[in-house]
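Positions are given from 1, in the same order as the sequence printed here. Atoms within a ligand are numbered from 1 in the order they appear, just like the ligands themselves.
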Amino acid sequence: MTRISQKAAQFSESVIREMTRLANRYEAINLAQGFPNFPAPAFIKDAACRAIQQDINQYAITWGAPSLRHAISSLYQRLYRIEVDPEREITVCCGATEAMIASVMATVNPGEQVLVFEPFYENYGPDIILAGARPVYFPLSPENGWEFSIDDLEAVIFDAEKQGGLKALILNTPNNPTGRVFSEEELSALAALSQRYDFLVITDEIYEHIVYDNHRHRPIASLPGMRSRTITISGLSKTFSVTGWRLGYAISVPEIAGAIRKVHDFLTVGAAAPLQQAAAEAILNADDYFESLAEDYRERRDLMFQILEEAGFRVWKPAGAYYMMADIRDVTSKNDRDFVEELVRDYGVATVPGTSFYRSTEKGQHLIRFAFCKTLDVLEEAGKRLRRLNRS
Ligand code: PLP
C-alpha cells in the first residue's frame, strides 16, 4: 500500500526553496528566492510592535480584521477606482499563496480545466492539482518578448471548450518569472475571452506596486464586465518587504468571497492578528512609500541588467516585479540545472533553473532566473562573481 496520496505524488518539492538551501550550504549570494535582504520600512514594524503591546494577540475574525479590510477597500478606491465592500468582498489570508489555493478550491471542481500561462510561478500547478482539477498550459514565447497572440490563446480556449470548457484562467501581472506587465490591449482581449467563453479570471497581482518606466499596473477587475468574474489576489509580502509575515488577500463579489472565506477558515483560520493591524495602518499611509519602492527597485533592476549583459547573458528587461530571465546559451553549453549548480558551487551565486517554471523539463533548459530584491552592494558583489563568466 502506498502511503502517499495520488495528488501529492503529482508534484515535487519547490525548486526555489531547494535552491535557497543550496545557497546556504555554499554560503552563496541568494538570487534564487524572492525575498528582500533589506529591512522592512520602520512605519510598518513600529505599528506591529504597538499592536502586540496593545494586546491584539487573539484570533482576528477569520476573513480578516475589519481595520485591514477597510484599509484594503480604501486603497482600491484610491488607486484603481474599484469599489470593494469590506464587509462582504475581502478575505484576508496567510499570504497570496493561501489566497490563491483557497480561491481555486472555492471555485474549481475536480476534473475542470484551469488555464495557466507558461512559464508560471511554481505554485499554480500544485494548486490546481490539489483541487483535483486539470491545468491547461498556454506558452508565452521569449522570442516574442513574452507577449502572446490573442488568436493563439483563443485557439487553446476553443480546444478546451471541446473537453468541457475552461473554469478559470490564472493571470499573474506584473509577472514572475518574465517581468512582463500585460498591456491594456492584452487585458482587454482576456476580458473579452472571459466573457465570451464564460470563465473566471484569478489574478495574482502581488507585484502591483513594483512597475518600471512608463508601465502602469491595471487590475483586470477594473475592465468593463470583469468585476463579477474576477478574483483579485495581492498581499503585503513584496510591497512592504515582509515575506515572513504571511499576509495576503482575495477580493471578489460576495457569492465567491463567501466560498473563499469558508475554504480559508478550514485551511488556516486566519492570518496573524497584530500583523493585520499593522498592515492596516501601513496601507493607509503608503502613497509616497509606493513611489519610493518602485524607484528603488528601478535602480536595482538597471544594475542587474547591466551586470547580466556584461556577464554575457541575453536578458529581457523587466517592466515589473523583481526577476530577470536570462538566456544562458552564449555563456555555457550546459543545461539550466547543471549550470545553476555550477553557479552556486563555483561562483557563489544561487539562481533558479528555467525548467522549474515549465510543466515539462523539455522547455526552459536554456533559461535561468535571477531575483534582484537585494541591496545594491550585494548585487555589485554578485556582479563581480558573475562577470568572471565572461573571462573564463
Ligand atoms: N505570487 C507570486 C507571483 C510570487 O512570485 C510570490 C512569491 O514569490 C507569491 C505569490 C507569494 O506571495 P505570498 O508571500 O503573499 O504568499
Is ligand 1 less than 4.0 angstrom away from at least one heavy atom of [X]?
{"X": "R246", "answer": "yes"}
{"X": "G235", "answer": "no"}
{"X": "Y124", "answer": "yes"}
{"X": "F35", "answer": "no"}
{"X": "E98", "answer": "no"}

Which residue supplies the protein heavy atom nearest to [atom], what is that atom called, and how far is it?
{"atom": "atom 9 (C) of ligand 1", "value": "Y121 OH, 3.5 Å"}
{"atom": "atom 11 (C) of ligand 1", "value": "T97 OG1, 3.5 Å"}
{"atom": "atom 8 (O) of ligand 1", "value": "K238 NZ, 2.8 Å"}

According to the interplanar angle, ranging from 0 to 90°, do the rings of F148 and F138 count as parallel (below 30°), tilted (30 to 60°) or perpendicular (above 60°)? perpendicular
Once you measure the plane-to-plane angle for F370 and F313, does it fall in the parallel (<30°), tilted (30-60°) or perpendicular (>60°) bin? perpendicular
Ignoring hydrogens and angles, state whether a donor on the side chain of N144 or E147 is under 3.5 Å from an acceptor on the partner side chain. no
Side chains of T173 and E205 only: does a donor on one sit below 3.5 Å from an acceptor on the other? no
Pairing of K334 and E342 as salt bridge, 4.0 angstrom limit: yes
May I ask you to decide whether D213 forms a salt bridge with K317, counting only side-chain N to carboxylate O separations under 4.0 Å? no
Min over I233, V242, D204 of heavy-atom distance to atom 2 (C) of ligand 1 lands on D204
Identity of the nearest option to atom 15 (O) of ligand 1, non-hydrogen atoms only, from C93, A96, A371: A96
I'd like to check which ligand 1 atoms, numbered from 1 as shown, lie under 4.0 Å from a non-hydrogen atom of [X].
{"X": "S237", "result": "13 (P), 14 (O), 15 (O)"}
{"X": "G95", "result": "15 (O), 16 (O)"}
{"X": "N172", "result": "3 (C)"}

Residue portion contacting ligand 1 (non-hydrogen atoms closer than 4.0 Å) for Y323: side chain
Shortest non-hydrogen contact between M325 and V315, atoms and distance: O-CG1, 3.5 Å
Work out which heavy atom in L223 is nearest to a heavy atom in P219; give both atom names and the distance. CD1-O, 3.9 Å
Quick check on ring-ring contact (aromatic ring centres under 6.0 Å, His included): which of W146, Y121, F372, Y207 does Y323 satisfy it with? Y207
